[in-house]
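Here is how names work: the chains are called A, B, and so on, in the same order as the sequence lines, proteins then strands, and each is numbered from 1.
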Amino acid sequence: MTEKELQRSKSVLPIGTVMRLTELSARQIRYYEEQGLVIPTRTEGNRRLYSLNDIDRLLEIKDYLTEGINMAGIKEIYDQQRKRAAERKEETLTDNDVRQVLHDEFLNISGMERTSGTSLHSQKPLE
DNA sequence: TTTCTGACA
DNA sequence: TGTCAGCA
């Protein structure tokens, strides 16, 4: 399965293609990059190149946004995800594990509503 | 023609 | 976020 992952990690899509695939504006895509949500590679001409994984990422971000989660929340999600990944490095990181984490974090942030500038640490009780 | 950065609303 | 400018 490593072959597949490698291919999915190959950045070959220009932003125009990504725009159509994700239905996001170039503005948004670049902004998400600024936020460190996606890290496209660059061509010699400084053009952004996205991978299939990036598309997935963007689609996921779009989803979270629709769910009413703000940028801070999304950042937290990926931050915690890579944190988990770092911990259980050689550990069995199966797809189920990822889904588990995703589901877990999703429920977690769902409780913080769409307040702005609110971190996961200072959750407010929703009534 | 397409993308890039920076900036203003 | 949209949009415009001025480049490459």
Worksheet item: If only side-chain N and O atoms of Tyr32(A) are considered, is one of them under 4.0 Å from the OP1 or OP2 phosphate oxygen of dT1(C)?
Response: yes
Worksheet item: Which pair of heavy atoms, one from Arg57(A) and one from Leu37(A), lies closest together, and at what distance?
Response: NE-O, 2.8 Å
Worksheet item: How many Å lie between CZ on Arg20(A) and P on dT3(B), as a whole number?
Response: 7 Å
Practice prompt. Give one of base, sugar-phosphate or nothing for Gly16(A), where a contact means two heavy atoms less than 4.0 Å apart.
Written response: sugar-phosphate
Item to complete: Examine the side chains of Ser51(A) and Asp54(A) and answer whether a donor and an acceptor come within less than 3.5 Å of each other.
Response: yes
Worksheet item: What are the two closest non-hydrogen atoms of Pro14(A) and Val12(A), and how far apart are they?
Response: CD-O, 3.6 Å
Response to the item:
Taken to the nearest whole Å, OH/Tyr31(A) to C1'/dT3(C) is 17 Å
Worksheet item: Of the nucleotides dT3(B), dT1(C), dC4(B), which has the atom closest to the Arg42(A) side chain?
Response: dC4(B)
Practice prompt. Considering non-hydrogen atoms only, spot the tightest contact between Lys62(A) and Thr22(A) and give its length.
Written response: NZ-O, 2.9 Å
Practice prompt. Test side-chain contact (heavy atoms from CB on, under 4.5 Å) on Leu52(A) and Gln7(A) and set out the steps.
Written response: CA-CA 8 Å; Leu52(A) 259 31; Gln7(A) 298 184 329; over 6 Å; no
Item to complete: For dC7(C), give its Watson-Crick or G-U wobble partner with both distances under 3.5 Å, or none.
Response: none
Worksheet entry | Whole angstrom value for the distance that separates P of dT3(B) from CG of Leu13(A) | 11 Å
Worksheet entry | Atom-to-atom span, CD of Glu33(A) to C1' of dT1(C) - whole angstrom | 17 Å
Item to complete: Rounded to the nearest angstrom, tell me the gap between atom CZ in Arg30(A) and atom C1' in dT2(B).
Response: 10 Å
Worksheet, complete the sentence: To the nearest angstrom, the CZ-P distance between Arg27(A) and dC4(C) comes to 14 Å
Item to complete: Round to a whole Å and report the spacing from CG of Leu58(A) to P of dT1(C).
Response: 11 Å
Worksheet item: Closer to the 5' end of DNA chain C via nearest nucleotide, is it Ser25(A) or Arg47(A)?
Response: Ser25(A)
Fill in: Separation of dT1(C) P from Ile61(A) CD1 (nearest whole Å)
11 Å
Practice prompt. Would you mind pulling out the nucleotide paired to dT1(B), Watson-Crick or G-U wobble, both distances under 3.5 Å?
Written response: none
